[in-house]
Protein chains: 2
Amino acid sequence: MDDLTEMLKGTLEGCVLEIIGSEETYGYAITRRLNELGFADVVEGTVYTILLRLEKNGLVQATKRPSGQGPPRKFYSLNEAGREELATFWAKWEYITTRIDRLKEGGR
Amino acid sequence: MDDLTEMLKGTLEGCVLEIIGSEETYGYAITRRLNELGFADVVEGTVYTILLRLEKNGLVQATKRPSGQGPPRKFYSLNEAGREELATFWAKWEYITTRIDRLKEGGR
DNA sequence: TAGTGGTACTCGGTAGTACAAAGTACCAAA
DNA sequence: TTTGGTACTTTGTACTACCGAGTACCACTA
């Protein structure tokens, strides 16, 4: 699938939140997860900028831990604000997809 | 529904293409249509910038016609390139929504 | 022991998009 | 004559994903 970047704007951050919400994890693994989900062109730089933004906005908590196979990993988990943000993300997603699908069906 | 702007990036252009594709129409009416579809905060400025972009990229054809109740209207219709772009838009949309819904279901 | 490749994070700059804001202009009705 | 609805344009801004380059740790191997 060719260039999806514009369409991913605003949704990729939510995807990262969802991944973190389901399991405490770190940037490199999140990138791999997104790639295997089908977002093949998402690169590390993108994920890290999202993670730094989430941290700056106080939606996640970060802990650095040694890795055993490379440099130390920075593990992220959602805090209360992050869980709320995730919920509103899914609400928005639901809202938009229903409207657009309605439009697609020639709907009113 | 509060601020959807970031999530609409990349999709709004496709919505406009779809609207034009189903009926030759003009900017002001497209804005109203989007608003009644549920995209309440989309304003005229946004739609006009999209229309100018579509025109610049050679995806639509524009014709100015007198209105009878205001200044002349600029009617848009899709050309062949526009119809192709619309098709790839829906393909991308399908692709992304299935992946994200899969992620949402905790899926893999 | 030097080199290679996989793991892991950071940072500065760029392009694209929706939006805000202000302006222009036409017309009908109060 | 002023208001309000219709209709388009233009300039500037904020936000986001991406690119590219850099740093650094570790295991394996020739």
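Both backbone and side-chain heavy atoms feed into the values below; hydrogens, waters and symmetry mates do not. Residue numbers begin at 1 in each chain, while the letters A, B, ... track the order of the sequences.
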In B/S/- notation (B base, S sugar-phosphate only, - none; protein heavy atoms under 4.0 Å), nucleotides 20-28 of chain D written 5' to 3' is ----BBS--
In a table with atom names and distances, give each donor-acceptor pair under 3.5 Å that connects a side chain of residues 55-62 of chain A to protein atoms at least two apart or in another chain.
{"unit_1": "A:Glu55", "atom_1": "OE1", "unit_2": "A:Lys74", "atom_2": "NZ", "d": "3.4"}

Here the distance between atom C1' of D:dT6 and atom CD of B:Glu44, to the nearest Å, is 8 Å
Check ion pair B:Arg32-B:Glu44 (N to O, under 4.0 angstrom)
yes
A:Asn35 CG to C:dA8 P, in whole Å, measures 14 Å
In short, salt bridge (charged side-chain N to carboxylate O under 4.0 Å, His left out) pairs touching residues 83-97 of chain B with sequence neighbours left out are B:Glu80-B:Arg83
Between CD1 of B:Ile50 and C1' of D:dT10 the distance, given in whole Å, is 16 Å
Output yes when at least one side-chain N/O atom of A:Tyr26 is less than 4.0 Å from OP1 or OP2 of C:dA8, else no. yes
B:Glu23 meets the side-chain contact (heavy atoms from CB on, under 4.5 Å) criterion, sequence neighbours left out, with none
* Asked: Counting only N and O atoms by type, is there a donor-acceptor contact under 3.5 Å from the side chain of A:Thr46 to the main-chain atoms of A:Val42?
  -> no
Could you tell me whether the phosphate oxygens of C:dA18, OP1 or OP2, come under 4.0 Å of any side-chain nitrogen or oxygen in B:Thr49? no
Residue pairs passing the ring pair (Phe, Tyr, Trp, His ring centres under 6.0 Å) test with at least one member in residues 19-63 of chain A, sequence neighbours excluded, are A:Tyr26-A:Phe75
What one should report as the nearest heavy-atom pair of B:Thr25 and B:Ala29 is OG1-CB, 3.5 Å
Open item on the list: When you measure from the side-chain N and O atoms of B:Ser67 to the phosphate of D:dA7, is any distance below 4.0 Å, counting only OP1 and OP2?
Closed with: yes
Contact check, residues 1-22 of chain B vs DNA chain D, heavy-atom distance under 4.0 Å, returns B:Glu6, B:Lys9
Rounded to whole Å, NZ of A:Lys92 lies from C1' of C:dA18 at a distance of 13 Å
On the nucleotide C:dC9, are OP1 or OP2 found under 4.0 Å from the side-chain N or O atoms that A:Tyr48 carries?
yes
- Message: Are A:Ile100 and B:Met1 linked, directly or through intermediate hydrophobic residues, by side-chain heavy-atom contacts shorter than 4.5 Å (ILVMFWY only)?
- Response: yes
One should read off an interatomic distance between B:Leu78 CG and B:Ile19 CD1, to the nearest 0.5 angstrom, of 11.0 Å
Heavy-atom nearest pair, A:Glu24 first then A:Ser77, reads CG-CB, 4.0 Å
For B:Glu18, the side chain to side chain donor-acceptor pair (under 3.5 Å) test, sequence neighbours excluded, returns B:Trp90
CZ (A:Arg102) and CD (A:Glu105) are apart, to the nearest 0.5 Å, by 11.0 Å
Residues of residues 73-91 of chain A with a heavy atom under 4.0 Å from any atom of DNA chain C, listed by number, are A:Arg73, A:Lys74
Rounded to the nearest 0.5 Å, the CG atom of B:Leu51 sits from the OG1 atom of B:Thr31 at a distance of 7.5 Å
N or O in side chain of A:Tyr28 less than 4.0 angstrom from C:dT7 OP1/OP2:
yes
Determine all donor-acceptor pairs shorter than 3.5 Å in which one atom belongs to a side chain in residues 4-16 of chain B; sequence neighbours excluded.
{"unit_1": "B:Glu6", "atom_1": "OE1", "unit_2": "B:Lys9", "atom_2": "NZ", "d": "3.2"}
{"unit_1": "B:Glu6", "atom_1": "OE2", "unit_2": "B:Lys9", "atom_2": "NZ", "d": "3.4"}
{"unit_1": "B:Thr11", "atom_1": "OG1", "unit_2": "B:Leu8", "atom_2": "O", "d": "2.9"}
{"unit_1": "B:Glu13", "atom_1": "OE1", "unit_2": "B:Arg53", "atom_2": "NE", "d": "3.1"}
{"unit_1": "B:Glu13", "atom_1": "OE1", "unit_2": "B:Arg53", "atom_2": "NH2", "d": "2.8"}

Could you go through nucleotides 1-3 of chain D and list every protein N or O atom that sits under 3.5 Å from one of its N or O atoms, giving the distance for each pair?
none

Residues in residues 53-65 of chain A with a heavy atom under 4.0 Å of DNA chain C, by number, are none
Taken in chain and number order and not counting sequence neighbours, the residues that satisfy side-chain contact (heavy atoms from CB on, under 4.5 Å) with B:Asp41 are none
So what does A:Leu51 touch, heavy atoms closer than 4.0 Å: a base, only the sugar-phosphate, or nothing? nothing
Against the side chain of B:Val43, the closest entry in C:dC19, D:dT10, C:dT10 is C:dC19
To the nearest 0.5 Å, atom CG of B:Leu86 lies from atom CD1 of B:Ile20 at 10.0 Å
